[in-house]
Protein chains: 2
Amino acid sequence: MRRKITLKDIARELEVSISTVSKALKNSEEIGRDTKEKVQAFAKLYNYKPNNIAISLKNKYTKNIGVIIPDIVHHFFTTVFRGIEKYANSKGYNVIICVSDESFDKEVINMELLANGSIDGFIMSLSAETEEKNDFSHLIEVTNQGIPLVLFDRVTDVINCDKVILNDKEISFSVVQKFIQSGRKNIALVTTDNYFNVSKKRMEGYKSALEHNGIPLNENRILTLPYHDEIEDTQITDFFNSNEIDAVLCVNEIFAIRCMRVVQKMGIKIPEDISFVGFTNGMLSRYASPKLSSIAQHGDKMGEIAAQMLIEKIEREYIEEEDEAYRTEVIEGTLIERESTIN
Amino acid sequence: MRRKITLKDIARELEVSISTVSKALKNSEEIGRDTKEKVQAFAKLYNYKPNNIAISLKNKYTKNIGVIIPDIVHHFFTTVFRGIEKYANSKGYNVIICVSDESFDKEVINMELLANGSIDGFIMSLSAETEEKNDFSHLIEVTNQGIPLVLFDRVTDVINCDKVILNDKEISFSVVQKFIQSGRKNIALVTTDNYFNVSKKRMEGYKSALEHNGIPLNENRILTLPYHDEIEDTQITDFFNSNEIDAVLCVNEIFAIRCMRVVQKMGIKIPEDISFVGFTNGMLSRYASPKLSSIAQHGDKMGEIAAQMLIEKIEREYIEEEDEAYRTEVIEGTLIERESTIN
DNA sequence: AAAAACTACGAAAACGGTTTCGTGTTGATA
DNA sequence: TATCAACACGAAACCGTTTTCGTAGTTTTT
């Protein structure tokens with residue numbers, strides 16, 4: 001088992017000093033031609049690679065970024081992550097990922113662990129529990145330490161940092177608007193509990209579109225489904241039985257698929273009798289039958305932008321520019337129309 | 001912006017030596033009661049946390065494990081990853097993830113980057129290109145350096161290391177067997193190019209089940225679809241038009257869904273006229289219509305076992321037990337029967 | 001009272017690099 | 001020939017820990 005070769009090894013072998021080796025490998029002008037060639041050749045031969053940890057310790061940066069997300073088995077987060085990883089990699093950064101599993105405690109623990117020198121900055125989306133508790137002291141702690149932070153999708157106004165979000169309210173508004181323009185009046189919203197910031201925003205868009213068109217808000221047309229627990233079909237069946245509904249906006253594609261199933265079993269035709277639109281343009285939307293019209297959240301792009309903002313902040317630190325201007329980047333969702341809506 | 005406090009800071013402030021502080025914080029017997037209390041109180045007050053990087057440099061381990069997978073937006077890998085993350089976290093390890101994007105070069109680059117001190121071990125699944133090229137020199141390089149490696153799912157016989165795989169051949173065999181027992185005789189296989197080890201194994205199972213039942217192999221009943229490029233429906237349509245098929249085994253759920261669609265459009269009834277089973281028991285299987293009977297690969301479990309094997313190897317290194325015994329753990333797939341098969 | 005044994009702490013090396021600041025040799029210049 | 005850059009390199013500090021070993025000062029033993 002070959003051990004990894006170090007500067008010291010090279011220095012000893014070539015009978016020069018460690019500093020000379022270090023400089024020679026960086027092609028420093030200080031070192032003579034012959035020595036440089038000799039050192040470089042030797043290093044290549046023995047496949048010398050500098051130790052990342054040592055460099056990190058010396059230079060105070062790790063070239064790692066920490067990503068904390070609530071769930072990895074989730075199409076949206078997964079695409080965001082892909083965007084982050086792609087951009088970060090292109091800039092020479094690695095990604096350490098932690099899954100909070102929607103738990104406040106795990107989020108805190110992971111964050112503190114990584115904050116102790118393992119990463120140069122964070123990209124995260126808040127766990128459900130954190131949003132519910134409204135406790136962001138761990139975020140404050142981290143930003144106080146001067147660690148850059150970018151929040152995406154599940155964000156909070158409490159923390160002052162860079163953010164990337166979807167135009168949830170506006171896109172919801174426009175979808176409902178579209179429903180109305182195509183002649184639908186009895187529009188339902190299927191959502192999660194309101195402590196999700198995004199759900200709240202989407203509901204705002206829904207309500208405001210109704211209002212904008214003079215349609216009175218009917219709270220009975222809003223169905224709140226549990227986010228993680230098993231959903232019972234009966235709840236959905238009851239909902240559609242006791243309401244005449246001709247269009248539905250769902251805050252995620254699973255809700256949409258579930259509802260479509262129930263509705264189809266009741267003999268209602270999609271999209272002739274009822275239209276469906278869901279958030280999250282994932283696999284399910286593409287392969288449902290009928291294919292689900294869906295709001296693309298452009299996770300890849302969100303991830304890329306988040307990574308870009310973060311790395312910019314990280315690298316600005318070194319130029320010591322204390323220009324604390326935080327941006328909130330708004331990504332525009334796009335409605336991908338498929339078979340579950342009429343035109 | 002509060003800077004992070006170090007041992008040196010505490011030592012200076014309390015007018016003791018750095019070593020004393022270090023020992024006091026570890027509750028060493030060497031240090032007097034009073035001093036210990038003083039130091040600990042001070043550390044707590046200023047929220048001292050040791051710097052991970054410094055510890056890593058000193059102790060030669062990072063408590064990070066590197067995961068390299070071909071794709072993150074993929075249900076199976078995502079579940080494996082969840083299993084890894086969960087177990088690793090419970091053991092105090094962080095996970096650095098790199099996506100090879102099915103590219104050989106990216107796999108190599110990422111691996112070499114991480115191998116330079118950033119991680120204590122690797123868990124990986126080979127990229128398509130790597131399997132195709134059959135070039136594993138980067139893996140050899142890494143294991144030669146003494147870095148533990150666990151391969152899962154997409155593995156190779158060339159490398160001698162711990163592995164976690166599915167019983168691909170056996171489970172395929174048993175599914176085809178089941179088809180036959182339920183009276184189906186014209187059984188198709190929809191697969192990818194054969195350089196995927198798993199596809200090869202699955203095909204072996206398929207063929208061997210036919211043989212076992214005295215059914216002659218008909219190569220026309222094997223459809224090979226491109227893995228990543230867009231699939232054209234026409235290819236599928238032609239396949240089902242020119243073959244009388246009453247049961248289909250697909251090596252992934254996307255292929256299955258695509259085929260089911262085509263077949264349904266042709267007016268063929270599932271499962272009355274034709275049965276479908278796919279690998280990867282993901283969202284698509286659960287929400288397809290009809291719901292797809294599917295082989296659960298137990299990604300969570302694979303991930304957990306892989307992480308367990310890796311961490312065991314990592315921590316054994318310190319006990320310096322050079323007992324190079326590599327295991328291959330075989331996970332048993334289970335057929336989840338839903339609506340696309342008869343009983 | 002001298003020797004031995006503790007007690008409580010500090011100095012320093014080490015991990016593997018980077019970087020600043022000398023310094024001994026050259027060759028050119030005055 | 002004395003002076004002075006330029007050149008080519010080395011010594012040493014530093015990043016933040018851990019850990020070994022040495023050692024004053026005190027207590028126990030004989």
Side-chain angles (χ1 to χ4, degrees), chain A residues 3-40 42-43 46-64 113 115-120 145-146 317-318, chain B residues 3-40 42-43 46-64 113 115-120 145-146 317-318:
Chain A
R3 264 303 339 118
K4 274 241 140 185
I5 191 175
T6 71
L7 284 189
K8 195 194 272 189
D9 298 329
I10 303 183
R12 183 174 4 85
E13 219 60 39
L14 261 37
E15 299 185 300
V16 291
S17 77
I18 293 180
S19 5
T20 302
V21 177
S22 175
K23 289 170 192 163
L25 290 176
K26 313 189 97 90
N27 238 315
S28 158
E29 292 304 324
E30 265 185 271
I31 305 298
R33 200 175 231 291
D34 297 353
T35 316
K36 272 203 279 198
E37 279 173 4
K38 190 175 60 175
V39 171
Q40 286 169 6
F42 190 93
Y46 286 93
N47 194 26
Y48 169 78
K49 293 277 167 50
N51 179 308
N52 295 332
I53 300 289
I55 294 180
S56 292
L57 180 58
K58 177 67 185 166
N59 294 350
K60 319 284 261 161
Y61 59 70
T62 62
K63 284 276 181 179
N64 287 152
L113 210 69
N116 296 138
S118 300
I119 51 91
D120 299 336
Q145 283 173 26
E317 293 236 311
Y318 293 98
Chain B
R3 266 296 348 112
K4 274 243 141 184
I5 191 175
T6 71
L7 284 189
K8 194 195 274 189
D9 298 328
I10 302 183
R12 186 176 358 88
E13 219 59 40
L14 260 37
E15 298 186 298
V16 292
S17 76
I18 293 180
S19 2
T20 302
V21 177
S22 175
K23 290 169 191 163
L25 290 177
K26 310 189 99 89
N27 239 315
S28 158
E29 291 304 324
E30 266 185 87
I31 305 298
R33 200 176 232 290
D34 297 353
T35 315
K36 272 203 279 196
E37 278 173 4
K38 191 174 60 173
V39 171
Q40 287 170 7
F42 190 92
Y46 287 93
N47 194 26
Y48 168 79
K49 295 276 166 52
N51 180 308
N52 294 333
I53 299 290
I55 293 181
S56 292
L57 180 58
K58 178 66 186 165
N59 292 350
K60 318 286 261 160
Y61 59 72
T62 62
K63 284 275 181 178
N64 287 152
L113 209 69
N116 297 136
S118 299
I119 50 90
D120 299 336
Q145 282 171 26
E317 293 237 311
Y318 294 98

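Just so we're on the same page: letters track the sequence lines, and every chain starts at 1. Excluded from the calculations below are hydrogen atoms, water molecules and symmetry mates; all remaining heavy atoms, backbone and side chain alike, are included.
- Taking A:Ser56 as the reference, A:Thr62, B:Ile53 meet the side chain to side chain contact (heavy atoms under 4.5 Å, CB included) condition, with sequence neighbours excluded.
- The heavy-atom pair separating B:Pro50 from B:Ile55 by the smallest distance is CB-CD1, 3.6 Å.
- Following rounding to the nearest Å, A:Leu57 (CG) and D:dA13 (P) show an atom-to-atom distance of 17 Å.
- Judged purely by atom type and a 3.5 angstrom limit, A:Asn116 has no side-chain atom pairing as donor or acceptor with the backbone of B:Asn52.
- Note on residues 7-22 of chain B: pairs passing salt bridge (Lys or Arg N to Asp or Glu O under 4.0 Å), not counting sequence neighbours, are B:Asp9-B:Arg12.
- In this view, B:Ser22 and B:Leu7 satisfy the side chain to side chain contact (heavy atoms under 4.5 Å, CB included) rule, not counting sequence neighbours.
- For A:Phe42, the ring-ring contact (aromatic ring centres under 6.0 Å, His included) partners are A:Tyr46, not counting sequence neighbours.
- Rounded to whole Å, the distance from CD1 on B:Ile55 to C1' on D:dC15 is 14 Å.
- Here the C1' atom of nucleotide D:dT18 and the CG atom of B:Leu7 are 9 Å apart, to the nearest Å.
- Secondary-structure stems of DNA chain D, taken as three or more successive Watson-Crick or G-U wobble pairs (i with j, i+1 with j-1) under a 3.5 Å distance threshold, comprise C:1-30 with D:1-30.
- For the pair A:Lys60 NZ and D:dG16 C1', the interatomic distance rounds to 8 Å; values are reported in whole Å.
- Taking side-chain N and O atoms only, B:Lys8 has a distance below 4.0 Å to OP1 or OP2 of D:dC15.
- With hydrogens and angles ignored, no donor-acceptor pair under 3.5 angstrom links the side chain of B:Lys58 to the base of D:dT17.
- Between A:Asn116 atom CG and D:dC15 atom P there is a gap of 18 Å when expressed in whole angstrom units.
- Residue contacts shown for A:Lys23 include a base, since a base heavy atom lies under 4.0 Å away.
- Across all strands shown, A:Thr6 has heavy atoms under 4.0 Å from sugar-phosphate atoms exclusively, and none from any base.
- A 4.5 Å side-chain heavy-atom check between A:Asn47 and A:Lys49 finds at least one atom pair inside the cut-off.
- The structure places OG1 of B:Thr6 at 7.0 Å from CD1 of B:Ile18, a figure rounded to the nearest 0.5 Å.
- As a whole-Å value, the separation of B:Tyr61 OH from D:dT17 P is 14 Å.
- The CD1 atom of B:Ile10 sits 4.5 Å away from the CD1 atom of B:Ile5 when rounded to the nearest 0.5 Å.
- With rounding to whole Å, B:Leu25 atom CG is found 16 Å from D:dG16 atom P.
- Counting any heavy atom pair closer than 4.0 Å across all strands shown, B:Thr35 reaches sugar-phosphate atoms only and no base atom.
- Under the rule for a side chain to side chain contact (heavy atoms under 4.5 Å, CB included), the partners of B:Gln40 that lie at least two apart in sequence or sit in another chain are B:Leu25, B:Asn27, B:Lys36.
- The nearest whole Å value for the distance from the OH atom in B:Tyr48 to the C1' atom in D:dT18 is 10 Å.
- Contacts classified as salt bridge (Lys or Arg N to Asp or Glu O under 4.0 Å) and involving residues 19-31 of chain A (residues at least two apart or in different chains) are given here: A:Lys23-A:Glu30.
- If you walk DNA chain C from 5' to 3' and mark each nucleotide with an atom closer than 4.0 Å to a heavy atom of chain B, the marks span C:dA8 to C:dG16.
- In terms of the side chain to side chain contact (heavy atoms under 4.5 Å, CB included) criterion, residue partners of B:Ala54 (sequence neighbours excluded) are, by chain and number, A:Leu57, B:Asn51.
- Residues from residues 13-21 of chain B placing a heavy atom under 4.0 Å of any atom in DNA chain C, listed by number, are B:Val16, B:Ser17, B:Ser19, B:Thr20.
- Here the CG atom belonging to B:Asn64 is positioned 7.0 Å from the CG atom belonging to A:Asn64, to the nearest 0.5 angstrom.
- Residues satisfying the side-chain hydrogen bond (donor to acceptor under 3.5 Å, both in side chains) test with A:Ser28, not counting sequence neighbours, are none.
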Filtered N/O pairs between nucleotides 22-24 of chain D and protein, under 3.5 Å:
none

